[in-house]
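Encoded as structure tokens, the structure appears first; notes follow it.
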Amino acid sequence: MSDADFRPEARAPRGFSDKRAGDLRVERRILDAVSKVYERWGFEALDTGAFEYADALGKFLPDSDRPNEGVFALQDDDEQWMALRYDLTAPLARFAAENWETLPKPFRRYAFGPVWRNEKPGPGRYRQFIQCDADTVGSARPEADAELIAMGAEGFEAAGLRRGDYLFKVNSRKLLNGLLAAAGVESQGQKLGVLRAVDKLDRLGMDGVRLLLGEGRKDESGAFTKGAGLNGKAVEAVLAFVQIGAGRGDTLSRLSDVVGGSAEGAEGLEELGRIETALAGLGVGADRAVFDPSIVRGLEYYTGAVFEADLLLETTDEKGNAVRFGSVASGGRYDDLVARFTGQPIPATGISFGVSRLAAALRAAGHNPVETARGPVVVIAFDQDQMTAYFAAAAELRAAGIPAEVYLGSSGMRPQMKYADRRMAPAAVIMGGDEIAAGTVTIKDLDLGRALSSQVADNEAWRAERPGQMTVPRDQMVAAIAQIIEAASREPKP
RNA sequence: GCCGCCUUAGCUCAGUUGGUUAGAGCGCUAGAUUGUGGAUCUAGAGGUCCUCGGUUCGAGCCCGAGAGGUGGUACCA
């Protein structure tokens, strides 16, 4: 095949999705609402570039053998590795370290934008997606954690969720660490294994987690997952811990019986107590945030409080099957991340909204149905010699704040009407020879026609009736169309 | 990464034990209707049957490998 014969297949790379007007509107509305909440709480906006030097991103460093493991990386012309950011936290840690001397401390910033992960895509799992984060750098106070939780709850409601649709679950890494220390578990590998096992509680149940805490577990397909290798006593201690149950003050007092004995556990408990006090002051009750020892988050870097928000509302896909969205917001305390750069320990805590996932969840729940985006008023290009008049009419509409366009295809009138219909235009403007000679315009209320069309079976009658059509003096065009649009926004569409 | 299932028109799918020119519905384009959207009728366009290799006189169908999708599992900063 010669080069000239080659035809590329028109397709988006897997894991990357095209978003049309309806999707974008939902997404922007969420970003806008959540950003406003963040600003109201005193977080300043920060935008950093899509790329970071790879060594700033942390654990998953690209190298020449496997440059794109986990991230999308490339080598700059000075041979330094750069990679697309995989979250907004690593760039913040870099920025905070770089500018620490001059920043007001604690530094409170929010950021939103796409992040990229080079991993296997799946349904609802993309290689590019949008996050919206808020972080406080330079405060070790548990109240900073509590504030993020309360603000996250406010963010959900601003984005369109109702109270009761979501629930924050809060825990502290220090509790489990203290418990494991008291049980004699020291190895980092074992601790990580415990985190991963507990993280699967909702899926595998208590028995599955028990196996994963001990020797390991064989799943239905026969694959074997190696366990954390705890002894029987330690396994039962962890299971007793995660079964304490979710709640507020009651949960804290039950927790104190189990982990109060160890120094780190007592410290974690004291911090959760201060979070409880702060949440109470902020008016966040048990209907919006609870303590739940089974929430651990898989990530290694968390050092203290961890939390995530689940959606409680019922959602179904196109086929009516129930869909469970994972957590749509999550976060926690990471006191060591900035120290990677500065050597100085700088405490930090943050929350991250999964905007794309929240948008999908809102749609699935039918809260914010993605309506077909409203199109512009279409000025029919009836007579090529009158284009000046058409552009003038469109300009006049735009000046009045009404989206409008002149049809710029090459088809006749019928396809132009079809075009206006398909764009969901509220109205079409017709200026043929008759109208121009008489100093009038014909305006067609397309919504009215849409509503009437179901009752008309025969095309003769449909055409003769000219539903929703009126002819008005040219200088009343804008007013007439404004009236049509105003009526459309008041009445629900058919 | 590992295991199962799937891949035929833009979409949803049918396609007989392996047999001539691969079909349907929806959608799309045009006409009926030279200045009018929907419905109806008529006509039309649209296919490397995922790819490569093998078996066979003959493969959409059988065999092997690969790719993509999907469900589970592992990982997930």
Side-chain angles (χ1 to χ4, degrees), chain A residues 1 5 7 9-11 13-15 52 54 56-62 69-71 83 85-91 93 115-125 127 131 192 195-197 199-200 203-204 208 212 216-226 297-302 318-319 321 326 330 334 337 340 352 375 378 380-383 411-425 427-436 442-469 471 494:
Chain A
M1 192 195 300
D5 291 334
R7 286 215 186 138
E9 190 179 345
R11 53 175 191 155
R14 62 203 191 96
E52 291 286 338
L57 288 180
K59 192 170 128 195
F60 285 73
L61 297 182
E69 190 74 13
V71 298
R85 64 186 181 203
Y86 55 76
D87 70 8
L88 296 171
T89 307
V115 302
W116 296 267
R117 295 184 187 182
N118 189 5
E119 56 191 22
K120 180 183 154 189
R125 208 179 148 122
R127 295 205 286 177
Q131 293 193 327
L192 194 56
L195 290 181
R196 288 179 184 159
D199 206 28
K200 294 180 177 62
R203 205 149 40 84
L204 302 181
L212 283 175
R217 171 179 176 272
K218 190 183 275 194
D219 66 39
E220 306 80 46
S221 71
F224 183 76
T225 308
K226 195 172 181 303
R297 310 285 307 146
L299 308 190
E300 225 171 334
Y301 69 56
Y302 290 121
E318 314 80 58
K319 290 171 186 163
N321 301 319
S330 64
Y334 49 98
L337 229 48
R340 286 188 58 238
S352 177
V378 172
I380 302 292
F382 185 84
D383 178 351
S411 302
M413 181 151 177
R414 189 177 139 90
Q416 294 193 38
M417 289 304 299
K418 213 167 172 172
Y419 171 82
D421 186 40
R422 193 183 281 191
R423 289 292 305 276
M424 283 298 288
V429 172
I430 302 167
M431 283 190 281
D434 298 349
E435 283 89 351
I436 289 176
T442 296
I443 295 166
K444 189 149 180 155
D445 180 340
L446 295 174
D447 281 342
L448 189 59
R450 286 182 188 106
L452 294 175
S453 71
S454 57
Q455 291 145 38
V456 183
D458 134 77
N459 188 257
E460 296 275 326
W462 166 251
R463 283 158 54 105
E465 192 172 322
R466 303 260 154 106
Q469 191 161 317
T471 298

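Below, chain A is the first sequence line, B the second, and so on; all start at residue 1.
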- Task: May I ask you to verify if any side-chain N or O of Arg196(A) is less than 4.0 angstrom from the OP1 or OP2 atom of C76(B)?
- Result: yes
- Ignoring backbone atoms, test whether Lys200(A) places a side-chain nitrogen or oxygen under 4.0 Å from the OP1 or OP2 oxygen of C75(B). yes
Look at the side chain of [X] and the base of [N], then say whether one donor and one acceptor between them are separated by less than 3.5 Å.
X         : N      : result
Gln416(A) : U36(B) : no
Lys444(A) : G37(B) : yes
Glu435(A) : G35(B) : yes

Given [options], the nucleotide with the shortest approach to the side chain of [X]:
X         : options                : result
Arg203(A) : G35(B), G72(B), A74(B) : A74(B)
Arg125(A) : A74(B), C76(B), G37(B) : C76(B)
Met413(A) : G35(B), C28(B), A74(B) : G35(B)
Lys120(A) : G35(B), C2(B), C76(B)  : C2(B)
Arg450(A) : U73(B), G35(B), G37(B) : G37(B)

- Query: Checking Arg127(A) side chain against Arg14(A) main chain: does a donor-acceptor pair fall under 3.5 Å?
  - Reply: yes
- Message: Measuring from atom CD1 of Ile443(A) to atom CD of Glu435(A), what distance do you get when rounded to the nearest 0.5 angstrom?
- Response: 10.5 Å
- Message: Just verifying a value: how many Å separate Thr471(A) OG1 and Asp434(A) CG, rounded to the nearest 0.5 Å?
- Response: 9.5 Å
- Query: Can you name the closest pair of heavy atoms from Leu337(A) and Thr89(A) and give their distance?
  - Reply: CD2-CG2, 3.7 Å
Once you round it to whole Å, what is the distance between [atom2] of [N] and [atom1] of [X]?
X         : N      : atom1 : atom2 : value
Met417(A) : U33(B) : CE    : C1'   : 14 Å
Tyr419(A) : U36(B) : OH    : P     : 20 Å
Arg217(A) : A74(B) : CZ    : P     : 6 Å
Asp421(A) : G37(B) : CG    : C1'   : 4 Å
Leu204(A) : U73(B) : CG    : P     : 7 Å
Arg117(A) : C75(B) : CZ    : P     : 16 Å
Leu195(A) : C76(B) : CG    : P     : 10 Å
Leu57(A)  : C76(B) : CG    : P     : 17 Å

Taking the [atom1] atom of each, how far is [N] from [M], in whole Å?
N      : M      : atom1 : value
C61(B) : G18(B) : C1'   : 7 Å
G31(B) : G71(B) : P     : 44 Å
G60(B) : U48(B) : C1'   : 13 Å
U8(B)  : C52(B) : P     : 16 Å
C13(B) : A32(B) : C1'   : 31 Å
G10(B) : G66(B) : C1'   : 27 Å
C49(B) : A9(B)  : C1'   : 10 Å
C75(B) : A59(B) : C1'   : 41 Å

- Message: Run Val378(A) and Met417(A) through side-chain contact (heavy atoms from CB on, under 4.5 Å) and show every step you take.
- Response: CA-CA 9 Å; Val378(A) 172; Met417(A) 289 304 299; over 6 Å; no
- Between Leu448(A) and Gln469(A), is any pair of side-chain heavy atoms under 4.5 Å apart? no
- Message: Quick check: do Leu212(A) and Arg196(A) have side-chain heavy atoms less than 4.5 Å from each other?
- Response: no
Using a 4.0 Å heavy-atom cut-off, does [X] contact any base of the nucleic acid, only the sugar-phosphate backbone, or nothing at all?
X         : result
Ile380(A) : nothing
Lys226(A) : nothing
Asp383(A) : nothing

- Counting a pair only when it is Watson-Crick or G-U and both distances are under 3.5 Å, which runs of at least 3 such pairs involve RNA chain B? B:1-7 with B:67-73, B:10-13 with B:23-26, B:28-32 with B:40-44, B:50-54 with B:62-66
- Task: Report the C-alpha distance between Arg450(A) and Asp447(A) in whole Å, list the side-chain angles of each, state the deciding distance to 0.1 Å, and finish with yes or no for salt bridge (Lys or Arg N to Asp or Glu O under 4.0 Å).
- Result: CA-CA 5 Å; Arg450(A) 286 182 188 106; Asp447(A) 281 342; 2.6 Å; yes
- Message: side-chain contact (heavy atoms from CB on, under 4.5 Å), that's the test. Do Arg217(A) and Leu204(A) meet it? Break it down for me.
- Response: CA-CA 10 Å; Arg217(A) 171 179 176 272; Leu204(A) 302 181; 3.5 Å; yes
- How do Phe382(A) and Leu212(A) order along RNA chain B: which one's closest nucleotide is nearer the 5' end? Phe382(A)
- Using heavy atoms to find the nearest nucleotide of RNA chain B for Asp199(A) and Arg14(A) separately, return the residue whose nucleotide is more 5′. Arg14(A)
- Query: Knowing that exactly one of Gln416(A), Met413(A), Met431(A) qualifies, which makes a side-chain contact (heavy atoms from CB on, under 4.5 Å) with Phe382(A)?
  - Reply: Met413(A)
